[in-house]
Amino acid sequence: MASDKQNEGKILPMDENKENTTEDGIGLEILQIIKDSQQQHGLRHGDYQRYRGYCSRRLRRLRKTLGFKCGNRHKFTGKKMTVDMLSDNRYSDNRYLLLVLMEAERAWSYAMQLKQEANTEPRKRFHLLSRLRKAAKHGERLEKLCESPRVDAKTKLEAQAYTSYLSGMVRFELQEWKAATEAFNKCKTIYEKLASAFTEELAVLYHQRVEEISPNIRYCAYNIGDQNAMNELMQMRLSAGGGGGMMAEKLEALITQTRAKQAATMSEVEWRGRTVPVKIDKARIFLLGLGDNEAAIAQAANEETKERLYETLLAECRDTIHAVREELKTEAKQRERSDEASGKVSNLQFLHSYLTYIKLWTVVKRNESMAHVLQAKLKEPQTDENKRGPRPQDLIRLYDIILQSLAELSTLQGLEEDHTFQKEVALKMLVYKAYRCFFIAQSYVLVKKWSEALVLYERVLKYAKEVQSKAKSLNNSLKDLPDVQELITEVNAEKYSLQAAAILDTEDAPEAPSQQKVKDNTPLCERLETFHLDPTLVGKQPNLVQFPPDFQPIPCKPLFFDLALNHVAFPSLDDKVEQKGKGGLTGYIKGIFGFGS
C-alpha cells in the first residue's frame with residue numbers, strides 16, 4: 001500500500017494543466033484514465049478495496065490542489081460542480097471533471113468489493129445496490145457537466161458511454177433485463193463509433209471495452225427469452241477468454257439453472273444394454289451437460305483450452321460420483337436393516353459404475369491429448385540447449401496412468417460378466433502398451449543401448465499385430481484409439497535407423513592397442529609409472545586408491561605393571577603426627593589448673 005501511495009499520479013499545478021484545454025474545449029480521456037488507474041492500483045489482481053483507497057486519496061489531493069474543499073475538519077459544507085461554473089475561466093480545468101469521475105469510480109469499486117463479500121454475507125447485497133446507484137448518480141452528474149459548450153465532443157461521448165455502463169450495471173443487479181440491455185447497447189454503440197473514428201492504436205481500448213460489455217448483453221438477452229444467446233454464452237464460458245469476475249458467476253449460475261430445468265424431464269439413462277433410473281439431481285445435471293462438454297472439448301481452439309475443459313469435466317464428475325456414493329451408503333444401511341441379500345447389482349451401483357467409467361475414460365483421453373502434444377514437441381528440433389525439452393520418459397509416465405485407468409475399468413461392478421466390455425478394455429490396453437513400449441525403446445536409443453531398444457521395437461510390433469488380429473471381431477473398439485498401422489510404420493523406420501546408428505557407433509569407436517586394453521585392478525596411485533587405457537577412470541566409480549586401506553602390523557606400546565609396591569614396608573610416622581587431646585568439661589578444668597601438663 002505504501003508503494004501505491006508513492007506511485008500514484010501527481011496532480012499538476014493549474015498553470016501546467018492548461019494543455020488539456022484545447023481549442024475545441026475542455027478534454028478528458030475518461031476511459032483511458034479509468035483503465036490505467038485500475039490496472040496500476042489493484043484491479044489487475046481483483047483487489048477492489050485497494051482501488052477504492054486509491055480513489056479516495058486522489059480525490060483528497062484533487063480537492064486540495066484545486067482549492068475545492070468541502071468545508072474544514074470541523075464542519076462539512078457540500079460543494080458541487082455545475083455547468084455554469086465550467087463557463088467561468090477559473091474552472092476551465094479538466095481536473096474538475098476528473099473530480100466527479102473519481103467519485104463515481106470510488107462508489108463503483110466499493111460496490112464491486114461488496115459483491116465479492118456478498119457471497120458469504122448476503123445482507124451486504126443491499127449496500128452493494130446502494131453504492132451502485134451512487135456511482136450511477138455521479139456518472140449522470142459527469143454527463144451533465146460535459147453538456148457544457150466548453151467540453152469537446154469526444155469527452156461528451158465518453159461521458160455518455162460511461163454513464164450508460166453504470167446505469168446498465170444497476171439494472172443488471174436489479175435483474176431488470178430489458179432496461180439493462182438498452183443501457184449496455186447504448187454504451188456499446190458509442191464505443192464502437194469512437195473506435196471507428198480513431199486510429200487502430202487508439203481504437204484498441206474501445207474494442208476491449210466492447211468485448212467486456214458483450215457477455216452482459218447476451219446474458220440479458222437470454223433472460224428476456226432469446227435462446228440463441230444461451231448458445232453464445234455457453235461458448236464464452238467454455239472458451240479461454242470467457243467473461244470473468246461477476247459475469248463468470250452469473251454464467252455458472254445460469255448454466256446450472258438451465259440444466260436443472262432440463263433435468264426435471266430426465267428420468268433414466270441407458271448404458272451397456274441396461275436402463276438405469278436417475279433420481280439424484282446432481283447426476284441428472286451432470287449427464288445432461290456431458291454432451292455439451294465433450295463437444296466443447298472437440299471444438300477447443302488450442303491445447304491449453306482443451307486441458308482446462310478436461311479438468312472442469314473431471315471436477316464435475318468427481319462431485320457427482322461423491323453424491324452417488326453417499327446415496328449408496330444410505331442404501332446399504334437400509335439393506336442391512338431389512339436383511340435383504342441379492343446377487344444382482346443395484347441400479348444405484350450400476351449408475352456409480354457408469355459415472356466411474358466416464359471419469360476414467362476422460363482421464364485416458366486427457367492423457368492421450370497431452371501425449372500427442374509432447375510427442376509433437378519431441379520431434380521438433382531443440383533450439384535452446386539450456387532449456388530442458390520433453391523426453392520419452394515423460395510420455396512413458398502418461399501411458400502408465402492410462403494403463404492404470406484401463407485396469408480400473410475392467411474391475412467395475414456390474415460389468416464382470418460383460419465379456420464384450422472386458423475384451424474391449426483388453427484391446428485398448430494392448431494399444432496403449434504398444435505405445436508405452438515404443439517410448440521406452442526411444443529412451444534406450446538416447447543412451448545408445450541398441451540391443452535393448454531393438455528388442456523393445458520387436459515387442460511393439462508384436463503388440464500391434466495382436467491388436468490388428470483381435471480388432472476384426474471388435475470393429476467399433478478402435479474408433480477412439482490411436483492408429484496402430486501408423487505405429488507399425490514408424491517402428492519399422494526406427495528399426496532401420498537404429499541399426500544404422502549402431503553400426504556407425506561401432507565404427508567410430510577408436511581401437512586401442514591390445515597391450516593398453518589389459519584389465520588391471522590395481523589402483524591408479526600404485527601404477528603411476530605405467531600407462532593403461534582404463535575407461536573406468538572417467539566413469540562414476542574410478543579406481544584411484546584402495547579404500548578402505550588394508551591393515552598393517554605396527555609395534556604395540558608396552559604396558560608397565562608396578563608389582564614391587566605390595567612388598568615395600570614404609571616407616572612409621574606416628575611420632576610425627578600430632579595427637580588430638582580429649583575434649584569435654586573435665587579436660588577443660590584440668591587444663592586450667594595444670595593437671596594435664
Side-chain angles (χ1 to χ4, degrees), residues 259-298 310 313-366 368 402-432 467 470-481:
R259 287 178 180 171
K261 291 179 181 178
Q262 296 173 354
T265 61
M266 180 183 180
S267 59
E268 58 187 22
V269 65
E270 184 178 355
W271 182 58
R272 306 300 301 180
R274 179 173 173 177
T275 302
V276 181
V278 184
K279 299 179 181 179
I280 304 173
D281 292 337
K282 198 172 187 66
R284 289 179 180 177
I285 294 171
F286 171 74
L287 292 173
L288 279 172
L290 181 62
D292 295 335
N293 289 331
E294 290 178 346
I297 290 171
Y310 270 126
L313 178 58
L314 284 172
E316 293 177 0
C317 189
R318 292 189 195 100
D319 294 341
T320 308
I321 290 174
H322 179 72
V324 175
R325 193 179 293 121
E326 293 297 323
E327 291 293 328
L328 275 172
K329 292 179 182 178
T330 306
E331 184 184 68
K333 290 179 181 179
Q334 292 176 354
R335 284 187 176 182
E336 289 177 0
R337 292 171 184 170
S338 59
D339 295 332
E340 292 182 5
S342 176
K344 186 180 178 181
V345 177
S346 65
N347 289 330
L348 196 58
Q349 181 61 56
F350 197 78
L351 177 62
H352 182 269
S353 298
Y354 176 46
L355 293 171
T356 307
Y357 168 81
I358 293 173
K359 185 192 78 171
L360 293 173
W361 187 241
T362 304
V363 171
V364 170
K365 301 305 292 181
R366 181 197 64 180
E368 185 183 349
I402 289 175
L403 290 172
Q404 183 181 356
S405 300
L406 290 173
E408 292 180 21
L409 280 178
S410 60
T411 60
L412 291 176
Q413 292 187 12
L415 299 173
E416 298 89 346
E417 303 299 328
D418 192 342
H419 300 294
T420 305
F421 178 78
Q422 297 294 337
K423 288 180 181 179
E424 290 177 357
V425 173
L427 185 64
K428 292 172 182 177
M429 290 184 71
L430 275 177
V431 174
Y432 291 113
V467 169
K470 291 184 178 180
K472 295 178 182 178
S473 58
L474 301 170
N475 296 326
N476 296 328
S477 300
L478 291 176
K479 61 180 181 179
D480 295 332
L481 297 176

Just to verify, what does [X] make a side-chain hydrogen bond (donor to acceptor under 3.5 Å, both in side chains) with, not counting sequence neighbours?
{"X": "K470", "result": "E466"}
{"X": "E294", "result": "none"}
{"X": "Q413", "result": "Q349"}
{"X": "R318", "result": "none"}

Sequence neighbours left out, what passes side chain to side chain contact (heavy atoms under 4.5 Å, CB included) with E326? Give chain and number order. H322, K329
Counting only N and O atoms by type, is there a donor-acceptor contact under 3.5 Å from the side chain of E316 to the main-chain atoms of L290? no
Taken in chain and number order and not counting sequence neighbours, the residues that satisfy salt bridge (charged side-chain N to carboxylate O under 4.0 Å, His left out) with K333 are none
List the residues meeting salt bridge (charged side-chain N to carboxylate O under 4.0 Å, His left out) with E327, not counting sequence neighbours, and say none if there are none. none
So, for L355 and C317, which heavy atoms are closest and what is the spacing to 0.1 Å? O-SG, 3.5 Å
Strictly by side chain to side chain donor-acceptor pair (under 3.5 Å), give each pair with a member in residues 355-365 just once, sequence neighbours left out. K365-E368
With sequence neighbours left out, write down each residue that passes ring-ring contact (aromatic ring centres under 6.0 Å, His included) with Y354, or none if nothing qualifies. W271
Write out all pairs satisfying salt bridge (Lys or Arg N to Asp or Glu O under 4.0 Å) with one or both partners inside residues 409-419, taking only residues at least two apart or from two chains. R272-D418
Any side-chain heavy-atom pair from I321 and I358 closer than 4.5 angstrom? no
